[in-house]
Amino acid sequence: MAEHKRENFSSKLGIIMATAGSALGLGNIYRFPCEAGANGGGAFLIVYLVVALLIGTPLMISEFVIGRRSKSNPVGAFRRLAGKKTVWPAVGFLGVLCAFLILAFYTTVAGWTLGYLGKSVAGHFSGQNLEQIQSQFVSFTNHPWLPIVCQLLFLILTAFVVARGVKDGIERYSKILMPLLLVIMVVLCVKSLTLNGAADGLKFFFNPDFSKLNGRVLIGALGQSFFSLSIGMGALITYGSYISKDDNMTTSAVSVVLADTFVAVLAGVIIFPAAFTFGIQPEAGASLAFTTLPMVFQQMTGGYFFCLIFFLLLVIATLTSTISLLEVIVAAMTEELKITRTKAAVIGSLVTAVIGVFATLSFREGSALHISGRTVFDLLDHITASYFMPIGGLLIVLFVGWRMKRADLLDEMTNGGRLKVGVNKVIAFIIRYIAPVAIAVIFVSQLVG
Ligand code: PHE
């Protein structure tokens, strides 16, 4: 039986960076513009901001509370806090299952980022016009084996870091790379704002057309905020279990939510002006980021260099997210099945690869891998963001708000009374009353249209 010793993050900065590492990723740079583009731009943005700040923050804190109080993986956490003979550990299982499903399709696009890093090193974009860059995207995603090889490579990289553990793996990489990504995005943003279509792009992104609001937009924004903040499926219960007893979890969570939201908005400010300048439809979906960005680099002096760094950082931002997904699986397997980290990382990524390959293949034109009108990729994305995460999130706030004693919740948020109660009371109130109602209302509104 493998001896299992739990690690902790070593500092507050480490906690924030690792959590931000999980949160920041393709959700911000790839998925957010796709969703905003498909759901009318400004109206989506406003709902997104409200949901991310108002529901996202308390939910993130709830997950930290469950994690730190139980010092356990999501399955063990509910068992420890609620008792073996309850149904609550099922919420943890749901989270682990969700981690598999997300990782499976997430690594499809993660693989593309690796492929695009290769393309930028080889200078494939220089001197290319829009049609050529668009057709590069089509031929890359339709290539018979390249996207699969990239996906598998990405999974191997992820497993490698996760196998190394919390402090030396996850924390060390996140600390250096997250700030770098932010800097390069700000540079890109400044460039995008000087393009011809900047005004139109910004208008699309910031002008809310509330006639576009419907149940689909609401659940889209809810799912996107959960996805982007890595909440509702146990990743932050797992990371919460590595937070030390002295950290102020409220301020850590607020910092991460603000950083994540900032980067999502930044991505919109980069991508929409560029899309309008080059005549790309904002609802172009998958190709949006992968065609607009190389086009922006074309317009810049030193474009080759910036393009290369950008895709390098995107790979890394994506990697810190896949790490947190695999960590959910690995923490659960090492603690529940008593196997080593390395074994768990290998088994977890193998199972993911088996599902993930179908997601990648389903992207090819004319692929038969469609289920009820959606590609396997879309289906996995849709069921996790629109069902698993909202339901998981709802159960988590219900657990923390109603099953846990209020005194225990406040005790955990204030580090046993050492921190001021102040705002934590408001957060406890949101967790108990507002968040569950809001999530339930949005969830039901999608079902009725
Ligand atoms: N938050 C990550 C992103 O935005 C994706 C993710 C979801 C990671 C769920 C972990 C858990 O890219």
Side-chain angles (χ1 to χ4, degrees), residues 16-36 48 51-52 56 59-60 63-64 67 73-74 92 94-113 154-155 158 161-162 170 174 177-178 181-182 185 220-240 253 256-268 289 313-332 348 352 356 359 380-393 396:
I16 295 180
M17 288 303 167
T19 311
S22 169
L24 297 179
L26 295 172
N28 306 66
I29 295 160
Y30 166 81
R31 197 179 189 280
F32 177 79
C34 280
E35 287 287 307
Y48 178 81
V51 173
L59 185 47
M60 188 177 281
E63 292 202 27
F64 281 168
N73 70 86
L94 204 73
V96 177
L97 177 62
C98 188
F100 271 116
L101 299 180
I102 296 180
L103 198 54
F105 77 86
Y106 199 82
T107 46
T108 295
V109 184
W112 299 353
T113 64
F154 210 99
L155 263 172
T158 308
V161 179
V162 171
I170 301 171
S174 309
L177 303 163
M178 288 302 108
L181 179 77
L182 208 66
M185 285 194 67
L222 185 82
Q224 173 58 27
S225 66
F226 281 25
F227 187 86
S228 188
L229 294 169
S230 312
I231 50 185
M233 45 70 68
L236 299 187
I237 294 180
T238 311
Y239 275 18
V256 173
V257 172
L258 290 179
D260 187 76
T261 309
F262 180 68
V263 172
V265 174
L266 212 58
L313 289 173
L314 189 57
V315 165
I316 293 158
T318 307
L319 184 62
T320 51
S321 299
T322 52
I323 287 169
S324 72
L325 284 160
L326 188 59
E327 180 63 23
V328 175
I329 298 165
V330 167
T352 306
L380 289 172
D381 179 343
H382 180 70
I383 56 171
T384 48
S386 304
Y387 294 94
F388 273 76
M389 297 174 105
I391 292 173
I396 287 167

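All ligand and atom numbering here is 1-based and tracks the order in the structure.
Note that CH2 of Trp112 is 12.0 Å distant from OG1 of Thr318, once rounded to the nearest 0.5 Å. Once rounded to the nearest 0.5 Å, the distance linking CG of Leu236 with CG of Leu59 reads 8.5 Å. Taking CD1 of Ile391 as the reference point, atom CD1 of Ile396 lies at 12.0 Å (rounded to 0.5 Å). With rounding to the nearest 0.5 angstrom, the CG atom of Leu314 is 11.0 Å from the CG atom of Leu24.
At least one heavy atom of Tyr106 sits closer than 4.0 Å to an atom of ligand 1.
For ligand 1 and Gly27, the ligand atoms under 4.0 Å from any heavy atom of the residue are 3 (C), 4 (O), 12 (O). Interface atoms of ligand 1 facing Met233, defined by a heavy-atom separation under 4.0 Å, are 9 (C), 11 (C). Close contacts of ligand 1 with Asn28, meaning ligand atoms under 4.0 Å from a residue heavy atom, involve 4 (O). Annotation for ligand 1: atoms under 4.0 Å from non-hydrogen atoms of Ser228 are 1 (N), 4 (O). Heavy-atom contacts of Leu26 reach the following atoms of ligand 1: 12 (O) (cutoff under 4.0 Å).
The closest protein non-hydrogen atom to atom 9 (C) of ligand 1 is Ser230 CA, 3.6 Å. Regarding atom 11 (C) of ligand 1, its nearest protein heavy-atom neighbour is Leu325 CD2, 3.3 Å. At the shortest separation from atom 2 (C) of ligand 1 among protein heavy atoms lies Ser22 O, 3.2 Å.
For ligand 1, the polar-atom distance check finds no N/O of Ser324 at less than 3.5 Å from any of the ligand's N/O atoms. Not a single N or O atom of Ile102, backbone or side chain, sits closer than 3.5 Å to an N or O atom of ligand 1. Checking only distances, Phe227 does come within under 3.5 Å of ligand 1, N or O to N or O. Considering backbone and side-chain N/O of Met389, none are found under 3.5 Å from N/O of ligand 1. On a distance-only criterion, Ala23 and ligand 1 share at least one N/O pair closer than 3.5 Å.
Residue-level proximity to ligand 1 for Arg31 is absent, since no heavy atom of it falls below 4.0 angstrom.
Heavy-atom minimum distance, Val256 versus Met60: CG1-CE, 3.8 Å. Nearest heavy-atom pair across Ala385 and Arg31 is CB-NH2, 3.3 Å.
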Please report the C-alpha distance between Ser228 and Tyr48 in whole Å, then the side-chain angles of each, then the deciding distance to 0.1 Å, and finally whether the side chain to side chain contact (heavy atoms under 4.5 Å, CB included) criterion is met. CA-CA 11 Å; Ser228 188; Tyr48 178 81; 3.5 Å; yes
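Relative orientation of the Phe227 and Tyr106 rings is tilted, given thresholds of 30° and 60° on the angle between their planes.
Looking only at side-chain heavy atoms (C-beta outward), Leu181 and Ile316 stay at 4.5 Å or farther from each other. With contacts defined as side-chain heavy-atom distances shorter than 4.5 Å, the pair Thr158/Phe154 qualifies.
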